[in-house]
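Accompanying notes for the structure given below.
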Amino acid sequence: MTDLIELSRHATRIVALTGAGISTESGIPDYRGPNGVWATRKPPTIGDYETNLETRKSAWNFRREHYPVMQARQPNSGHLALAKLEQAGRLQAVITQNIDGLHQKAGNSSDRVIELHGSTHTILCMKSGHRFTGEEIQQRLDAGEEDPHCPICGGVLRTSTILFGEALPRDALERALEFTKHADLMLVVGTSLVVNPAARLPQIAIRAGAQAAIVNRESTSLDDWFDVVYRGDSGPALSQLADAVLS
């Protein structure tokens, strides 16, 4: 832990890259873990979702049952530590593979959180791009709608999370790259670094001159790239780091 703190102590342009591991301590299963979506139900492709009524009805039924659970989840000490670092002017951005919105709930600025895989709290119209909150669509699902459509243009609605066969949002990826290239410390938290293009961001930061550290429970194939590798839960580690750096 001492090495991680010393590496972070003088960094003023920290960029955090977070994955499922930072949110498991808030009770959200790892997407690829034994209780995650990959194990319990495979998400649909974007083409199947758009054209298949039964696929959409199944997806909305799943959401009707599970979205209130996601809404109730609260940020843990790891999320709160990153928010403290931003508020102190040390953290420039959080680039996250998570869709849970817990960084914003913890206090990170919405314009400093880059959600590479979208957000479960935003609903999009596939025809017009109109946006709706998860809460207002949940009310329609609870009222009995099985396949809600856009109230403005009648288009098919979907969550803003990335589906199979869909590219990452270009604006989010471009912003992530911009912050990455100007970081003096890339702090990777709770990700196995197997999903691209997010997995390439630490290497981009290092090649641009940044130092890098990873906080993760398990080893990754990219550990040799990092100046510091810390094995353990992200909540206690980040909390201790923030307290030490900001004292």
Side-chain angles (χ1 to χ4, degrees), residues 1-11 13-39 73-86 88 90-100 102-103 106 108 113-114 116-117 176 179-180 183-247:
M1 192 66 210
T2 301
D3 291 342
L4 181 61
I5 290 171
E6 288 306 310
L7 189 70
S8 308
R9 192 176 297 280
H10 302 295
R13 300 189 308 279
I14 302 172
V15 172
L17 172 64
T18 66
I22 196 172
S23 291
T24 54
E25 294 166 50
S26 292
I28 298 176
D30 185 334
Y31 190 82
R32 294 174 179 271
N35 297 312
V37 172
W38 277 87
R73 297 302 183 196
Q74 296 298 316
N76 60 59
S77 56
H79 297 105
L80 296 172
L82 292 179
K84 285 181 183 178
L85 288 171
E86 183 198 316
R90 306 291 287 275
L91 180 75
Q92 297 301 297
V94 176
I95 303 167
T96 187
Q97 297 168 281
N98 299 336
I99 62 172
D100 50 45
L102 291 182
H103 287 299
N108 283 107
V113 178
I114 302 169
L116 291 179
H117 296 167
F179 277 113
T180 296
D184 60 4
L185 174 62
M186 172 64 79
L187 181 60
V188 178
V189 182
T191 173
S192 55
L193 295 174
V194 297
V195 178
N196 287 315
R200 293 197 295 266
L201 293 176
Q203 294 166 302
I204 292 171
I206 292 164
R207 287 173 177 144
Q211 293 183 297
I214 183 168
V215 177
N216 202 44
R217 288 176 177 171
E218 300 175 353
S219 62
T220 78
S221 62
L222 299 179
D223 282 355
D224 288 345
W225 280 78
F226 292 93
D227 298 286
V228 173
V229 175
Y230 179 85
R231 291 277 168 270
D233 292 337
S234 58
L238 294 181
S239 183
Q240 188 175 343
L241 182 153
D243 288 345
V245 167
L246 300 179
S247 62

Does [X] reach the side chain of [Y], with side-chain heavy atoms less than 4.5 Å apart?
{"X": "Ile204", "Y": "Met186", "answer": "no"}
{"X": "Leu187", "Y": "Leu4", "answer": "yes"}
{"X": "Val15", "Y": "Leu201", "answer": "no"}
{"X": "Ser23", "Y": "His79", "answer": "yes"}
{"X": "Arg73", "Y": "Asp100", "answer": "no"}
{"X": "Thr96", "Y": "Ile22", "answer": "no"}
{"X": "Lys84", "Y": "Ser239", "answer": "no"}

Kindly write out the residues that satisfy side-chain hydrogen bond (donor to acceptor under 3.5 Å, both in side chains) with [X], not counting sequence neighbours, or none if the list is empty.
{"X": "Glu86", "value": "Asn108, Ser109"}
{"X": "Thr220", "value": "Asp223"}
{"X": "Ser26", "value": "Asn76"}

- State whether a side-chain donor-acceptor pair under 3.5 Å links Glu25 with Ser234.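 Yes, side-chain donor-acceptor contact under 3.5 Å.
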- Item | Gap separating the CD1 atom of Ile28 from the CD atom of Gln74, nearest 0.5 angstrom |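 Going from the CD1 atom of Ile28 to the CD atom of Gln74 covers 10.0 Å.
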- To the nearest 0.5 Å, tell me how far Thr2 OG1 sits from Gln240 CD.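 If we round to the nearest 0.5 Å, Thr2:OG1 and Gln240:CD are 8.0 Å apart.
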Work out which heavy atom in [X] is nearest to a heavy atom in [Y]; give both atom names and the distance.
{"X": "Ala237", "Y": "Val215", "answer": "CB-CG1, 4.0 Å"}
{"X": "Leu82", "Y": "Leu91", "answer": "O-CD2, 3.2 Å"}
{"X": "Gly190", "Y": "Asn216", "answer": "CA-OD1, 3.2 Å"}
{"X": "Pro202", "Y": "Ala199", "answer": "CD-O, 3.4 Å"}
{"X": "Phe226", "Y": "Val229", "answer": "CB-CG2, 4.0 Å"}
{"X": "Gly19", "Y": "Asn98", "answer": "O-ND2, 2.9 Å"}

Heavy-atom donor-acceptor pair, [X] side chain to [Y] backbone, under 3.5 Å:
{"X": "Asp184", "Y": "Ala11", "value": "no"}
{"X": "Thr180", "Y": "Ala176", "value": "yes"}
{"X": "Thr24", "Y": "Gly21", "value": "yes"}
{"X": "His117", "Y": "Ile99", "value": "no"}

